Amino acid sequence: MILLSLNPLALLRAMPGACAQGLIWGIMALGVYITFRLLDFPDLTVDGTLATGGAVAVMLIRAGVNPWVSLIVSFAVGMLAGMITGLLHTGLGIPGILSSILTQISLYSINLNIMGKSNQAINVDQYKLVVSLRYISGDALTKFKFYGGVTLGCLILVMIMYCYFGTEQGQAIRATGCNMSMAKAQGINTNFHTVLALMISNGLVGLCGGLYAQYQGAADVNMGRGAIVIGLAAVIIGEVLFGKFCVRRKSAFAFTMISVILGAVLYYIVIAFVLWLKMPSDDMKLFSAIVVAIFLSIPYLKNKYGKKGVARQ
Amino acid sequence: MSNGAKTYALELRDIHKTFNPGTINEKTALDGLNLQLEDGDFVTIIGGNGAGKSTALNAIAGVWPVDRGSIIIGDTDVTSLPEHKRAKFLGRVFQDPMTGTAATMSIEENMALAARRGKRRTLKWGVTKEEKERYMGMLKTLDLGLEDRLTSKVGLLSGGQRQAVTLLMASLQKPNLLLLDEHTAALDPKTAAKVLALSDKIIEENHLTAMMVTHNMKDAIIHGNRLIMMHEGRIIYDVRGEEKKSLHVSDLLSKFEEVSGGEFANDRMILS
């Protein structure tokens with residue numbers, strides 16, 4: 001009976017928005033992938049950084065700055081936030097997760113100061129925004145330009161990251177995250193590379209914040225709350241669904257990053273789906289957290305109960 | 001050196017290190033360690049558990065700062081240098097095969113990381129074509145079939161293969177000093193013998209100065225030109241050359257008993 005009351009067309013109408021949001025948040029998920037997977041650093045700064053990126057972009061655009069330029073500043077400000085977390089950790093010896101929480105909390109105040117109040121809007125009619133919700137309900141050309149542009153942007157980012165993590169510096173970051181003893185034994189300054197990775201990661205998150213604020217036409221001091229969970233969900237969904245497809249390929253790393261972005265898109269499609277099933281939107285964060293908890297625990301449970309023969313050895 | 005004093009490949013002067021000072025777990029690990037290595041020395045280090053063998057290597061590598069004393073490699077005093085800056089001088093292979101390599105990175109990437117030991121990490125491509133060829137040639141000499149697996153993740157290799165690769169990595173940039181910290185202890189006897197032979201070969205071919213900690217007294221006698229026995233953070237026995245060659249395991253055992261009142265020769269040593 002309940003199913004009959006659902007309108008399939010409504011679900012269909014929700015899809016373009018879900019895909020757009022997913023692509024934009026995919027950039028954020030790339031940032032989370034760098035810290036969570038490559039660096040093995042639980043970075044909660046991102047919840048603050050996302051809003052900072054948004055706040056900076058919106059305030060700059062309101063002040064007449066070109067929306068594209070505002071994105072560059074969002075990226076730079078994100079890097080700064082990542083640097084502070086990194087320095088708290090490497091320079092002052094504060095445990096990683098705690099350093100990131102400290103930065104995140106201080107960013108809340110900073111974001112309020114940037115915006116002067118808890119949210120600020122920008123009207124797409126007034127400014128030539130890079131992305132906007134309006135574009136997905138526009139004419140065919142606008143739609144094409146929007147989706148094509150966002151997809152292309154994501155692919156370019158993946159390409160840049162692929163190249164970067166193939167350089168000496170990028171490999172040093174990966175070695176730092178994979179095996180710190182080995183990295184130090186090979187003369188890698190692990191502190192420096194930890195800070196660097198946090199900067200790149202938060203730069204991407206700041207960029208995502210700037211884009212997302214333009215997309216929804218406003219920045220809000222709470223827009224990043226729980227962002228880390230969405231980022232993790234994207235990373236894990238991407239890995240679980242496309243992991244097998246990615247390994248043993250020549251450019252496995254590039255495919256992994258694309259699958260992380262697709263993970264973000266799928267996350268928003270699932271969200272659109274459960275919202276369509278009339279789940280109250282207040283429960284969304286609980287739902288997301290449960291989904292992420294389940295996916296995160298799968299590898300552990302598999303190890304513990306899966307291969308008994310290996311465990312006995 | 002301005003005062004004209006002789007320089008050594010490695011000189012340890014009165015090294016002290018106490019862990020957890022002032023607590024119930026206080027442990028004096030190095031207690032006035034003095035050592036001078038000539039260029040080309042290959043020293044094997046033996047001693048009971050807690051004698052300070054691995055601690056000595058970690059002190060040289062700079063894993064933590066020492067409490068007192070100085071560490072001089074060639075004509076550079078490295079005592080105050082952090083671990084990653086000392087890496088320029090050192091090649092290291094660890095007891096745990098997992099420690100020496102990055103499991104999620106490919107063989108060629110691991111080797112490329114090692115080839116840039118002590119150099120700045122730039123935005124240049126991490127592994128060049130010429131390097132790949134060079135690595136392939138080097139891996140071929142291992143005779144482990146790794147030359148066709150340059151892009152395989154190191155995590156897929158066996159412990160012995162990983163140690164062999166780590167040894168190659170340690171010699172890619174000729175180190176002033178090669179530190180082998182019980183690097184065959186985690187391997188089965190056959191593999192251990194292979195890795196030891198490879199160590200000998202690499203040390204000889206590259207004319208390296210090396211220190212090898214081992215629990216196996218026979219290995220300690222056979223390999224290297226000098227043997228050191230440690231006890232309670234100090235060197236208590238130091239032989240070289242012909243005298244070392246003529247040693248027997250029983251000589252070492254009685255030496256152990258002499259310094260420790262019998263309890264020293266634990267099961268592991270008798271078995272070896």
Side-chain angles (χ1 to χ4, degrees), chain A residues 33-41 90-91 93 159-197 199-200 235 239 243 246-257 299 313, chain B residues 57-58 61-64 81-106 108-128 131 151-156 162 165-166 169-170 172-173 175 179 181:
Chain A
Y33 180 81
I34 293 175
T35 47
F36 182 64
R37 279 294 184 236
L38 294 186
L39 195 60
D40 197 16
F41 185 108
T90 60
M159 214 174 73
I160 294 174
M161 296 230 324
Y162 176 75
C163 291
Y164 178 72
F165 284 103
T167 65
E168 294 176 352
Q169 202 173 71
Q171 289 189 345
I173 289 177
R174 285 162 60 206
T176 300
C178 174
N179 183 345
M180 208 171 264
S181 306
M182 180 269 190
K184 283 182 188 166
Q186 303 307 340
I188 292 167
N189 185 342
T190 49
N191 282 346
F192 173 77
H193 287 94
T194 299
V195 175
L196 197 59
M199 287 174 72
I200 296 168
V235 170
E239 281 178 348
C246 291
V247 290
R248 289 180 195 287
R249 256 163 210 281
K250 201 157 172 249
S251 314
F253 185 60
F255 282 102
T256 305
M257 285 189 293
Q313 190 182 30
Chain B
L57 294 203
N58 285 338
V63 177
W64 22 253
L81 289 185
E83 189 175 358
H84 71 267
K85 286 203 174 143
R86 287 189 209 187
K88 173 160 76 170
F89 305 102
L90 304 170
R92 290 161 73 190
V93 185
F94 307 88
Q95 176 173 1
D96 182 352
M98 305 296 156
T99 313
T101 43
T104 57
M105 299 177 75
S106 66
E108 60 181 20
E109 283 173 329
N110 271 278
M111 294 182 77
L113 282 167
R116 287 159 181 74
R117 186 158 42 75
K119 299 208 173 122
R120 257 196 64 207
R121 312 282 162 161
T122 66
L123 290 177
K124 275 192 226 130
W125 204 241
V127 194
T128 63
E131 278 184 274
T151 53
S152 291
K153 299 256 182 298
V154 169
L156 300 171
R162 282 180 84 154
V165 170
T166 312
M169 285 164 58
L172 271 175
Q173 272 276 346
L179 302 176
D181 189 358

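Keep in mind that this is a model prediction, so the values were computed, not measured. Lettering of chains follows the sequences in order, A, B, ..., and the numbering in each one begins at 1.
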R174(A)/E109(B) under salt bridge (charged side-chain N to carboxylate O under 4.0 Å, His left out): CA gap, chis, key distance, verdict | CA-CA 10 Å; R174(A) 285 162 60 206; E109(B) 283 173 329; 3.0 Å; yes
Report yes or no: does N189(A) contribute a side-chain atom to a donor-acceptor pair with the main-chain N or O of H84(B) at less than 3.5 Å?
-> no
Identified side-chain contact (heavy atoms from CB on, under 4.5 Å) partner of P175(B) from the options R92(B), R117(B), K88(B) | R117(B)
Measure distances from A114(B) to the heavy atoms of chain A and classify the residue's part below 4.5 Å as side chain, backbone, both or neither.
-> both
Contacting moiety of R120(B), where chain A heavy atoms sit under 4.5 Å = backbone
Heavy-atom contact with chain B under 4.5 Å, split by part of F165(A) = neither
Among Q173(B), M169(B), M105(B), which has the most heavy-atom pairs under 4.5 Å with chain A?
-> M105(B)
Counting only heavy atoms closer than 4.5 Å, note whether K85(B) contacts chain A via side chain, backbone, both or neither.
-> neither
Is it the backbone or the side chain of T104(B) that comes under 4.5 Å from a heavy atom of chain A, or both, or neither?
-> both
Grab the two heavy atoms, one from T99(B) and one from S181(A), that are nearest each other, plus how far apart they are.
-> CG2-CB, 3.7 Å
Grab the two heavy atoms, one from L172(B) and one from A115(B), that are nearest each other, plus how far apart they are.
-> CD1-N, 4.0 Å
